[in-house]
Every structure is written in C-alpha cells, then in structure tokens.
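Step one of this worksheet: look at the structure below.
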Amino acid sequence: MSRIIKIAAAQSGPVPLSQSREDVVERLIEQMRSAKSQDCDLIVFTECVLTAFFPHWWIEDEDELDSYFETQMPSPITQPLFDEAARLKIGFQLGYAELAFEDGNKKRFNSSVLVGDDGQIIGKFRKVHLPGHRDHRPDNPFQNLEKRYFEFGDLGFPTWRAFGGVVGMCICNGRRWSETYRALSLQGAELITLGFNTPGHHPEFPHLDELSGFHHLLCMQAGAYQNGAWVVAVSKAGEEEGVHQIGHTCIIAPSGKVVAESKTLEDELVVHACDLDETIPYKEYIFNYEKNRRIEHYGIIASQTSAAPPSS
Ligand code: CDV
C-alpha cells in the first residue's frame with residue numbers, strides 16, 4: 001500500500017460578514033474540485049472556515065453569537081461538501097464553531113472534523129489552547145475573545161488511522177505549544193493538520209508584529225522535526241473586516257523543512273505529495289522514544305533544573 005498522501009492545504013482569503021454560509025461552502029467545493037483535479041487524497045480547510053473569524057468582535061447578543069455556530073455536522077448547509085467529497089473520493093478536514101448540547105448544557109467549542117473519502121466523519125478535535133481574553137477591550141483595534149466564546153476542548157489530542165497513516169489534528173494556537181506535537185506523536189501521529197486565524201498585529205505587544213511569520217514557522221518546523229511528523233498548516237489570510245491576517249499556509253516535512261508555501265492572501269491551494277515513510281529516520285533513529293529516552297529520569301532532571309544555580 002502506498003505511503004504517499006497528496007495533500008492540498010486550502011488557504012481561505014477573507015470571509016466578509018455579508019457572505020452566506022452557502023456561498024462559503026461553494027468556495028470550499030471549488031477548492032475541493034481543484035484539489036481533486038491535482039490528484040489530492042486530502043484537502044485541509046482552515047479554522048472556523050465557514051464564517052468571518054467572529055472572536056475578533058465583541059458580541060453581546062446571544063442569538064447573534066449563536067448564528068456563527070454549527071449545531072450539526074454535517075448540516076443541510078454543509079452536506080453538499082460531504083456529498084462532493086464522497087463523489088470525488090477525497091478526504092477533508094473542516095474547522096468550524098461547534099454549538100453542542102451536552103448533559104443539558106449548551107457548550108461552544110472551536111472544533112474540526114476529519115472526513116474520509118467516503119464522506120463519513122473519522123474523528124473530531126476540539127481546540128485545547130484558547131488564546132485571548134474574556135473582557136471587552138474597546139481601545140484595541142480588534143478583540144481576541146476565544147476565551148469568552150469557547151470552552152477549552154475536552155477530547156484530548158486523539159489520533160486516527162486514516163489515509164494509509166496515523167493522523168492527528170490541532171487548531172491554530174495549539175501549534176505554538178510543544179506538548180501538542182508530543183501528545184499526538186506519542187500516539188503515533190505521522191501527519192498533523194491544522195487551520196489558523198493569526199492576525200499580523202498584537203494590540204498589546206506590537207513589537208511582536210514583525211516576528212509573526214517567523215514564530216508561526218519556528219514552532220511548526222521544530223514540532224515537525226522533534227516529533228517526526230508532517231505538519232500541514234492552513235491560514236485564513238488577508239484583510240477580513242479590518243483585521244489583517246497572515247498567510248503562510250504551508251506544508252512542513254518531518255525534516256523540519258518547509259516544502260510548500262502560499263504566495264497570496266487569497267483562496268489558494270498549496271499542494272504536496274507527503275511520503276509518510278519520510279517520518280521513519282526521525283521516529284526510529286533521532287527521536288526513537290523507546291530506545292533513546294528514559295522518562296523515569298525526567299523527575300531527576302526537573303529537580304536539578306528547579307534547584308538554585310551553583311554559587312560559583
Ligand atoms: N486563532 C488563534 O488561535 N490565534 C492566535 C493568535 C490570537 C495569537 C494564534 O496563536 O495564532
């Protein structure tokens with residue numbers, strides 16, 4: 001069986017507040033058809049891809065907030081995407097805002113589903129690392145209200161056997177945390193896929209602005225290499241309702257090298273044939289968990305590093 005998965009990282013340009021879900025789904029279907037015409041096995045869409053990234057705005061009205069969320073996946077509006085995937089025989093990943101009713105409670109998550117080439121859901125991830133704040137900061141040019149609008153994901157970091165390999169997901173801010181990659185790679189992840197909405201401006205720490213692209217790549221290149229996994233990262237890019245978001249949709253090999261990257265801030269496919277066997281030198285040689293590391297010694301290292309430094 002082939003160990004090569006041809007992947008399309010489907011960058012989205014801005015989604016205006018005035019654009020309907022139906023129109024966005026049509027945009028995604030067009031990208032899916034284009035990916036299939038390039039023989040892709042999997043197309044990865046971004047975080048909360050169906051709407052403008054609403055955590056950038058203060059929303060007080062509960063009904064208005066709910067209008068950004070999906071109560072079903074698939075729903076009558078998103079079903080055409082699932083149908084088209086099954087017709088074309090291509091898998092996909094879709095990021096969306098999820099409104100769930102669990103144990104009699106209403107819960108909101110920032111989620112993504114992995115869907116097989118039969119149009120059936122393989123698995124779901126709920127964003128674990130939520131950036132931003134809960135309070136209104138009207139002096140900032142835009143808000144970052146994920147902590148207000150979402151609950152922390154409660155599904156952990158699962159992996160699935162899919163597309164001939166082991167696949168795991170994270171979402172946006174999760175890519176900056178080393179534990180994300182390690183939690184996934186400890187469960188065998190050979191391919192880690194994610195969508196992101198990353199503004200190019202940090203209202204409270206503007207000196208970070210010029211480092212946005214650098215930090216974005218730094219964490220994922222290290223994560224790919226240190227965990228022997230392919231990383232596919234997909235942006236919502238460009239000027240969305242006054243918020244500029246970085247592009248840099250990219251595919252990173254287990255060597256840590258960026259092998260394909262977007263050139264625009266619009267809808268754009270970044271395609272690469274990812275050979276899962278390229279994970280082998282990293283998983284079996286450089287970072288062989290079983291042979292090269294001894295977690296029972298980590299306690300000793302921790303106590304050594306937390307001790308006071310030598311006096312001379
Ligand atoms: N959607 C995100 O998680 N965005 C964050 C921003 C706010 C820093 C990110 O880590 O890219």
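For ligands, and for the atoms within them, numbers begin at 1 and follow the listed sequence.
- A perpendicular orientation is assigned to the rings of Y225 and F287, their planes being inclined by more than 60° (bins at 30° and 60°).
- For the residue pair T198 and R175, a side-chain donor N or O sits within less than 3.5 Å of a side-chain acceptor on the partner.
- Listed by number with element, the atoms of ligand 1 under 4.0 angstrom from any heavy atom of E47 are 1 (N).
- Ion pairing of K291 with E284 is absent here, as no side-chain N (NZ or NE/NH1/NH2) approaches a carboxylate O to less than 4.0 Å.
- Residue contacts with ligand 1 include P131, since one of its heavy atoms falls under 4.0 Å from the ligand.
- Between the side chains of E261 and H248, at least one donor N or O sits under 3.5 Å from an acceptor N or O.
- Atoms of ligand 1 found under 4.0 Å from any heavy atom of C172, numbered from 1 in the order shown, are 1 (N), 2 (C), 3 (O), 4 (N), 5 (C), 9 (C), 11 (O).
- For ligand 1, the atoms sitting less than 4.0 Å from at least one non-hydrogen atom of N173 are 3 (O), 9 (C), 10 (O), numbered in the order shown with element in parentheses.
- Residue K127 places at least one N or O, backbone or side chain, under 3.5 Å from an N or O of ligand 1.
- When R176, H215, H129, E146 are checked for heavy-atom proximity to atom 1 (N) of ligand 1, E146 turns out nearest.
- Atoms of ligand 1 lying under 4.0 Å from any heavy atom of N144, numbered from 1 in the order shown and given with element: 7 (C).
- Listed by atom number, the atoms of ligand 1 under 4.0 Å from N197 heavy atoms are 1 (N), 2 (C), 4 (N).
- Nearest residue to atom 11 (O) of ligand 1 from N110, T46, T198 is T198 (criterion: closest heavy atom).
- Only the side chain of F53 comes within 4.0 Å of ligand 1, counting heavy atoms alone; its backbone N, CA, C and O stay farther away.
- At the top of the distance list for atom 6 (C) of ligand 1, counting protein heavy atoms only, stands P199 CD, 4.2 Å.
- Using a cut-off of 4.0 Å between Lys/Arg side-chain N and Asp/Glu carboxylate O, K106 and E62 are scored as salt-bridged.
- Taking the six-membered ring where the residue is Trp, F142 and H201 present perpendicular rings, their angle passing 60° and hence far from 30°.
- In summary, the side chains of Y289 and R182 do present a donor paired with an acceptor at a separation below 3.5 Å, with no hydrogens or angles considered.
- A salt bridge does not link K36 to E84: none of the charged nitrogens lies less than 4.0 Å from a carboxylate oxygen.
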